[in-house]
Amino acid sequence: MKVWAKVMKGDKILRDVVYENNVQLTAAGFQKLMQEVAYRLDIATPVILVNHIRHLERFNRVKFLARDFIEDVDFDLLIVERVLDDKKPKLYSNF
């Protein structure tokens, strides 16, 4: 799975990272993914709930608010978006 994670304060992106790993979208897989993303962003790992996994599965996006972290953080949001490969077929082959 490939994700784009953004640390935001207001409307400004403070830090971002694109991370790819061969994990499945399970509770353990998502936990491992978020630990790696948090390490690369140099932030604490958020508390992951079942709703976070469901949002990523349904909407390809999940938001972690400052209250989703045990430690105090200096940002408003951590947004994680799944990057999907758009392999669209060519509609016109002769043009």
Side-chain angles (χ1 to χ4, degrees):
M1 178 174 15
K2 187 175 185 180
V3 296
W4 178 31
K6 301 176 279 189
V7 176
M8 311 224 13
K9 186 161 190 151
D11 291 333
K12 183 178 178 186
I13 297 175
L14 301 176
R15 295 182 292 275
D16 70 327
V17 67
V18 175
Y19 180 74
E20 187 171 7
N21 198 344
N22 293 331
V23 297
Q24 299 296 322
L25 193 56
T26 61
F30 189 61
Q31 178 71 33
K32 182 178 177 181
L33 177 84
M34 289 307 302
Q35 287 173 344
E36 286 294 319
V37 167
Y39 177 76
R40 292 176 190 270
L41 290 171
D42 195 27
I43 60 173
T45 304
V47 175
I48 297 172
L49 304 175
V50 176
N51 283 343
H52 294 131
I53 299 169
R54 287 184 186 153
H55 276 258
L56 186 65
E57 188 176 61
R58 289 178 107 191
F59 307 113
N60 295 321
R61 183 178 183 177
V62 62
K63 290 182 184 180
F64 293 96
L65 304 174
R67 67 175 183 233
D68 292 322
F69 293 84
I70 294 174
E71 300 175 16
D72 289 334
V73 293
D74 60 346
F75 54 87
D76 299 331
L77 289 172
L78 169 63
I79 300 174
V80 178
E81 296 182 26
R82 188 164 35 175
V83 178
L84 302 174
D85 293 331
D86 289 337
K87 295 182 179 178
K88 296 179 182 177
K90 286 188 173 182
L91 296 177
Y92 307 104
S93 60
N94 295 332
F95 298 105

Cluster overlap [X] with [Y], hydrophobic side-chain contacts below 4.5 Å:
X   : Y   : answer
L77 : V17 : no
L65 : V73 : no
Y39 : V18 : no
Y19 : F75 : yes

Is R61 close to I79 at the side-chain level, that is, under 4.5 Å between some pair of heavy atoms?
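Yes, side chains in contact.
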
Residue pair [X] / [Y]: nearest heavy atoms and the distance that separates them:
X   : Y   : answer
A38 : A44 : CB-O, 3.8 Å
E57 : R82 : O-NH2, 3.4 Å
I48 : Q31 : CD1-OE1, 3.3 Å

Just verifying a value: how many Å separate [X] [atom1] and [Y] [atom2], rounded to the nearest 0.5 Å?
X   : Y   : atom1 : atom2 : answer
D16 : W4  : CG    : CH2   : 6.0 Å
M34 : L56 : CE    : CG    : 9.0 Å
M1  : N21 : CE    : CG    : 8.5 Å
L14 : L78 : CG    : CG    : 11.0 Å
I53 : R58 : CD1   : CZ    : 14.5 Å
L25 : N60 : CG    : CG    : 9.5 Å

Donor-acceptor under 3.5 Å ([X] side chain, [Y] main chain):
X   : Y   : result
D76 : G10 : yes
H55 : H52 : no
R15 : L41 : yes

Walk me through it: do F64 and V7 pass the test side-chain contact (heavy atoms from CB on, under 4.5 Å)?
CA-CA 10 Å; F64 293 96; V7 176; over 6 Å; no

Q: Could you walk me through whether V83 and V3 pass side-chain contact (heavy atoms from CB on, under 4.5 Å), step by step?
A: CA-CA 5 Å; V83 178; V3 296; 5.7 Å; no

Please determine whether the number of non-hydrogen atoms from other residues, nucleotides or ligands lying under 6.0 Å from atom [atom1] of [X] exceeds 12.
X   : atom1 : answer
N51 : CG    : yes
I70 : CD1   : no
F59 : CZ    : yes

- Between K6 and E81, is there a side-chain N and carboxylate O pair less than 4.0 Å apart?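 Answer for the salt bridge query: yes.
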
